[in-house]
Amino acid sequence: MKKVVSMSRRTDMRWHANELIQILQKKYPPERVHTIICWTKFPDAIFTPPFRDVLKHYDQIYVQLTITGFGGSPIEPNVPHWRTAMEQIPELIKFAGSPARIRLRPDPLVALKRGSRVISNIELVEPIIARAAQLGIEKFSTSFMEEYPKVKKRLYRHGFEIISIPQDKREKIINQYNEIAAGFSGHVYPCCVPGFSPSACIDGQLLIKLHPRSEPCSTKRAKGQRRHCECIESVDIGWYTMKCKSGCLYCYANTEG
């Protein structure tokens with residue numbers, strides 16, 4: 001059975017093109033791969049060289065595209081502005097072959113305080129979902145920022161204080177997002193959020209359905225994932241040592257406080 005290859009939960013593919021392409025070419029050529037899952041905040045990284053010239057030979061790519069609304073701000077200093085990323089989605093859809101092969105991730109949802117000013121993307125995510133849904137994207141995943149000690153320390157060093165979001169407000173936020181998405185036949189899935197139903201960002205049955213020849217892939221639940229994660233098993237070819245240069249202050253993968 002062909003493999004599902006994830007590129008990569010551990011780092012944004014945008015920053016490590018040469019390394020990731022080498023791994024694909026040596027270990028996971030097109031004839032061995034069912035689907036490549038692309039994780040990025042840079043839509044154009046996929047449909048421009050060098051990734052484009054490699055990915056076009058694979059049967060299927062499925063894109064996990066993160067747009068939080070913080071791009072270009074001190075929270076995500078080296079990420080494109082959300083409007084810029086949105087403008088690139090039509091070309092990404094063309095390359096992927098269908099908007100069904102793109103899952104938009106306004107993730108994570110963050111509320112911070114800097115002095116007397118509140119900084120949050122919770123309201124901004126609404127137009128992001130609406131615009132993506134208008135383009136035909138139907139699946140969305142989001143979560144609330146985890147208050148890990150290293151994240152709190154990093155944010156504090158940059159002058160930010162975390163505003164905790166209680167469960168009742170979390171439910172209201174997700175329900176509101178779903179109302180927007182539902183207007184376009186879409187749905188918002190909480191990603192590994194306690195108090196909500198489990199979900200699968202890498203959904204084996206969906207990948208089979210979307211595959212151009214409906215070829216099978218594994219539908220076994222991946223080992224070692226968080227409790228509320230129902231993603232199927234895949235091979236992740238990235239490593240935490242592949243440092244991401246996006247500079248996101250809330251990043252869990254960055255070991256530095």
Side-chain angles (χ1 to χ4, degrees), residues 1-13 20 24 28 30 32-41 43 46 55 58-68 89 92-109 125 128-129 132-133 135-144 174-175 177-178 180-238 252-253:
M1 190 176 292
K2 292 183 179 180
K3 299 287 186 181
V4 173
V5 176
S6 185
M7 187 174 72
S8 162
R9 277 189 173 107
R10 297 163 178 161
T11 187
D12 194 306
M13 59 183 278
L20 294 170
L24 285 177
Y28 302 101
R32 292 189 59 199
V33 176
H34 182 281
T35 302
I36 294 183
I37 311 293
C38 296
W39 303 77
T40 189
K41 293 180 178 177
I46 294 172
L55 294 175
Y58 287 81
D59 286 342
Q60 177 168 243
I61 66 165
Y62 187 91
V63 183
Q64 304 275 356
L65 176 61
T66 299
I67 302 178
T68 67
I89 288 180
L92 182 61
I93 291 172
K94 182 179 178 181
F95 185 79
S98 169
R101 294 195 179 102
I102 300 172
R103 179 180 290 252
L104 192 77
R105 310 182 68 87
D107 180 23
L109 301 173
V125 163
I128 291 173
I129 291 175
L135 293 171
I137 295 174
E138 295 185 349
K139 294 187 183 299
F140 302 84
S141 288
T142 192
S143 66
F144 296 88
I174 297 298
N175 289 338
Y177 291 167
N178 258 317
I180 296 168
F184 302 89
S185 302
H187 190 80
V188 178
Y189 299 88
C191 180
C192 296
V193 182
F196 292 89
S197 298
S199 64
C201 296
I202 305 180
D203 182 338
Q205 294 295 344
L206 177 63
L207 296 181
I208 294 168
K209 179 181 177 182
L210 294 174
H211 191 278
R213 294 183 302 281
S214 300
E215 286 190 3
C217 66
S218 175
T219 55
K220 293 181 180 178
R221 183 174 181 270
K223 297 178 180 178
Q225 295 301 325
R226 288 176 288 176
R227 178 183 172 189
H228 292 80
C229 178
E230 291 192 340
C231 287
I232 61 142
E233 57 188 4
S234 63
V235 180
D236 198 310
I237 63 172
Y252 312 147

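Positions are given from 1 along the sequence.
We find the OG-NE2 distance between Ser234 and His34 to be 12.5 Å, quoted to the nearest 0.5 Å. Once rounded to the nearest 0.5 Å, the distance linking CD1 of Ile232 with OG1 of Thr35 reads 8.0 Å. The line from CZ of Phe140 to CD1 of Ile67 is 10.0 Å long, rounded to the nearest 0.5 Å. Expressed to the nearest 0.5 Å, how far CZ of Phe95 lies from CD1 of Ile61 amounts to 5.0 Å. Between atom SG of residue Cys217 and atom NZ of residue Lys2 there is a gap of 11.5 Å, rounded to the nearest 0.5 Å. In this structure, CD on Glu230 lies 12.0 Å from OG1 on Thr219, to the nearest 0.5 angstrom.
Between Phe144 and Phe196, the angle of the ring planes stays under 30°, which puts this pair in the parallel group of the 30/60° scheme.
Nearest heavy atoms, Ile174 versus Thr142: CD1-CG2, 3.6 Å. Val193 and His228 make their closest contact through O-CD2, 4.1 Å (heavy atoms, listed as atom of the first residue, atom of the second, distance). Summarising the geometry of Met13 relative to Cys38, their closest heavy-atom pair is SD-CB, 3.5 Å, with the distance given to 0.1 Å. Nearest approach of Arg10 to Ala253, heavy atoms of both residues: O-CB, 4.0 Å.
Met7 is listed as a side-chain neighbour of Leu55, based on a closest heavy-atom distance under 4.5 Å. The shortest side-chain heavy-atom distance between Ile137 and Ile89 falls under the 4.5 Å cut-off. At a threshold of 4.5 Å between non-hydrogen side-chain atoms, the residues Asp59 and Pro30 do not count as touching. Under the 4.5 Å side-chain criterion, counting only non-hydrogen atoms from C-beta, Ile37 is in contact with Leu207. The side-chain heavy atoms of Lys139 and Ser199, taken from C-beta on, include no pair separated by under 4.5 Å. Looking at heavy atoms from C-beta onward, Tyr58 lies in side-chain contact with Leu24 at the 4.5 angstrom threshold. When side chains are defined from C-beta on, Ile202 does not count as touching Gln225, because their heavy atoms never get closer than 4.5 Å. Side-chain contact between Ile46 and Leu65 is absent, with no heavy atoms from C-beta onward closer than 4.5 Å.
Within 6.0 Å of NZ in Lys3 there are 12 or fewer heavy atoms belonging to other residues, nucleotides or ligands.
Between the side chains of Trp39 and Ser6, a donor-acceptor pair is found at a separation under 3.5 Å.
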Give every donor-acceptor pair under 3.5 Å between a side-chain atom in residues 96-109 and any protein atom, sequence neighbours left out.
| residue | atom | partner | partner atom | Å |
| --- | --- | --- | --- | --- |
| Ser98 | OG | Ala100 | N | 3.0 |
| Arg101 | NE | Gln60 | OE1 | 2.8 |
| Arg101 | NH1 | Ala96 | O | 2.9 |
| Arg101 | NH2 | Leu210 | O | 2.5 |
| Arg103 | NH1 | Ser141 | OG | 2.8 |
| Arg103 | NH2 | Ala200 | O | 3.3 |
| Arg105 | NH1 | Gln64 | OE1 | 2.8 |
| Asp107 | OD1 | Ser143 | N | 3.2 |
| Asp107 | OD1 | Ser143 | OG | 2.5 |

